[in-house]
S.K.: 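Next up is a structure, given as structure tokens.
FYI, side chains are in, hydrogens and waters are out, and symmetry mates aren't considered; it's all heavy atoms of this structure. Predicted model, so just to flag it, every value in this text is computed and none were measured.
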Amino acid sequence: RIDYDPQNMGHTGGSVPLLQAAEVGLSILEGMNKMAFSVNTNAGAMAALQSLNATNKKMDVTQSRINTGLAVSSTKDDSAKYTVAQSLRGDLGGLNAVSSSLNNAKSVTDTAIAGAEQISDLLNQMKSKAYEAADAGLDAASRTAIDKDFTALKGQIGTIIKSSEFNNTNLLDNTFTGTKTVAALQSLDVTSTLAVANQSFDTAVDGAITGGIATQATAQTMVGTLDTVITAVNTSLSDLGAASRKIEGQLKFTSKLSDVVTTGIGNLVDADLAKESANLQALQVQQQLGVQALSIANQAPQTILSLFR
């Protein structure tokens, strides 16, 4: 039996049977926003679990961005940005190959320039010797000594021509058994190349200087020959210098273009780590609150036990 106020309950006695008390309790429960109490279904826990799972998923994305430094690391993240970035990465690889080709061409050309400049100095020395030997007042012994120096200088020219080689390429010797010209890539268009021709110093210089300056007559003739050879060498030096400057200019452009492409890729796929760090802290708080909310929701069915006490 249960005691109650007869004025509030509409009865004249001080107690009612247990069945009537149960009916009162049920009416009270129906008035609580028609809230359902069930041990089989916990809607609050399911909602809390969905919210927690969504927070965990966001945390996984944020942690992946922090670990990789990429906001778009897979086509699953953003197909449009990923495919564009992949295309640009391919272009960047091509530009690296262009830079490598240009660097090799520059080294070959600079090697040829070094040899040609040394040959030019030797030719000037040989011309000086020829002038000395052309002096009518010079005795035979002195002219012979000058001729030996002249021959030694000519031998150095031949050695330099053969030695002006880089990476199995020689731009001064047209009889070289390896590569004799340069055709470097200068852009992503593989049909567009930057070419440097062989200067054929083996015939235009070494082969053009024949004989010696053992006599006044041959010395006089040699002066004219050396003038012609020196003119040819100067032309080659001009061509090689222009080619080297062109290669260097193309290298600078390719380097700047690579930087621009790299920056473009970064703008597309790189993560803002400052922003991701702030997101991570917020998500960690949300995760902790979600766990607490789920814990509270899981305890809700236990309140049903109080109805049976």
Side-chain angles (χ1 to χ4, degrees), residues 40-108 167 169 179 182-195 246-298 300:
N40 294 322
T41 304
N42 189 339
M46 289 188 292
L49 181 59
Q50 290 178 1
S51 178
L52 181 59
N53 286 338
T55 300
N56 289 337
K57 185 176 181 181
K58 291 178 182 178
M59 282 194 66
D60 289 341
V61 172
T62 300
Q63 288 175 340
S64 175
R65 290 176 177 178
I66 293 173
N67 291 336
T68 64
L70 298 173
V72 181
S73 59
S74 169
T75 186
K76 295 184 293 184
D77 299 326
D78 189 320
S79 296
K81 289 183 178 180
Y82 183 79
T83 53
V84 172
Q86 285 294 89
S87 178
L88 290 174
R89 288 186 180 108
D91 290 344
L92 187 60
L95 290 173
N96 289 336
V98 170
S99 295
S100 178
S101 179
L102 288 171
N103 278 317
N104 180 71
K106 190 174 188 306
S107 297
V108 172
N167 195 24
T169 304
T179 306
V182 167
L185 294 172
Q186 59 180 350
S187 68
L188 294 178
D189 181 4
V190 295
T191 63
S192 176
T193 59
L194 198 159
K246 185 176 181 180
I247 294 171
E248 186 173 357
Q250 195 65 27
L251 269 172
K252 289 181 179 179
F253 170 73
T254 303
S255 177
K256 290 180 179 179
L257 186 57
S258 296
D259 291 342
V260 170
V261 173
T262 301
T263 301
I265 295 173
N267 291 337
L268 284 171
V269 301
D270 284 357
D272 184 347
L273 294 183
K275 179 180 178 181
E276 299 303 332
S277 176
N279 287 340
L280 180 62
Q281 293 183 19
L283 289 170
Q284 286 174 338
V285 173
Q286 291 180 28
Q287 186 185 52
Q288 293 173 10
L289 292 174
V291 171
Q292 291 180 4
L294 180 60
S295 176
I296 293 171
N298 285 334

S.K.: Check for a donor-acceptor pair, side chain of S255 on one end and backbone N or O of L251 on the other, with a separation under 3.5 Å.
M.R.: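 Not confirmed, S255 side chain does not pair with L251 backbone.
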S.K.: Out of curiosity, D270 CG to S73 OG, how far, rounded to the nearest 0.5 Å?
M.R.: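 If I round to the nearest 0.5 Å, the distance is 11.5 Å.
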S.K.: Can you tell me how far the CG atom of L268 sits from the OG1 atom of T263, to the nearest 0.5 Å?
M.R.: 11.0 Å
S.K.: T55 and Q287: side-chain donor and acceptor closer than 3.5 Å?
M.R.: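 Short answer, no.
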S.K.: Pairs in or reaching into residues 273-287: which pass salt bridge (charged side-chain N to carboxylate O under 4.0 Å, His left out), with residues at least two apart or in two chains?
M.R.: R65-E276
S.K.: Taking N104 for the side chain and S100 for the main chain, is one N or O donor matched with an acceptor at less than 3.5 Å?
M.R.: no
S.K.: Looking at S258 and L92, what are the two nearest heavy atoms and their distance?
M.R.: O-CD1, 3.7 Å
S.K.: Any side-chain heavy-atom pair from L283 and Q286 closer than 4.5 angstrom?
M.R.: yes
S.K.: Give a yes or no on whether the backbone of Q250 and the side-chain of T254 come within a donor-acceptor separation of less than 3.5 Å.
M.R.: yes
S.K.: Which residue pairs pass the salt bridge (charged side-chain N to carboxylate O under 4.0 Å, His left out) test with at least one member in residues 80-105, sequence neighbours excluded?
M.R.: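 Not a single pair qualifies under salt bridge (charged side-chain N to carboxylate O under 4.0 Å, His left out).
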S.K.: To the nearest 0.5 Å, tell me how far M46 CE sits from N42 CG.
M.R.: 7.0 Å
S.K.: Considering only heavy atoms from C-beta outward, does the side chain of L95 approach that of L188 to under 4.5 Å?
M.R.: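 Touching, per the 4.5 Å side-chain cut-off.
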S.K.: Counting distance only, does the side-chain N/O of S192 pair as donor-acceptor with the main-chain N or O of S187 below 3.5 Å?
M.R.: no
S.K.: How long is the gap from CG on L194 to NZ on K246, to the nearest 0.5 Å?
M.R.: 4.5 Å
S.K.: Looking at every heavy atom in both A105 and V182, which two are closest together, and how far apart are they?
M.R.: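 That would be CB-CG1, 3.4 Å.
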S.K.: Taking the side chain from S79 and the backbone from T75, do they hold a donor-acceptor pair closer than 3.5 Å?
M.R.: yes
S.K.: Taking all non-hydrogen atoms of both residues into account, name the closest pair between A184 and L102 and its distance.
M.R.: CB-CD2, 4.2 Å
S.K.: As an exercise, state the distance from OG of S87 to OH of Y82, rounded to the nearest 0.5 Å.
M.R.: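 These two atoms lie 12.5 Å from each other.
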S.K.: Return the CG to CG distance between L52 and L289, rounded to the nearest 0.5 Å.
M.R.: 10.5 Å
S.K.: Please give me the minimum heavy-atom distance between T193 and V190, naming the atom from each residue.
M.R.: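 For T193 versus V190, the nearest heavy atoms are CG2-O, 4.1 Å.
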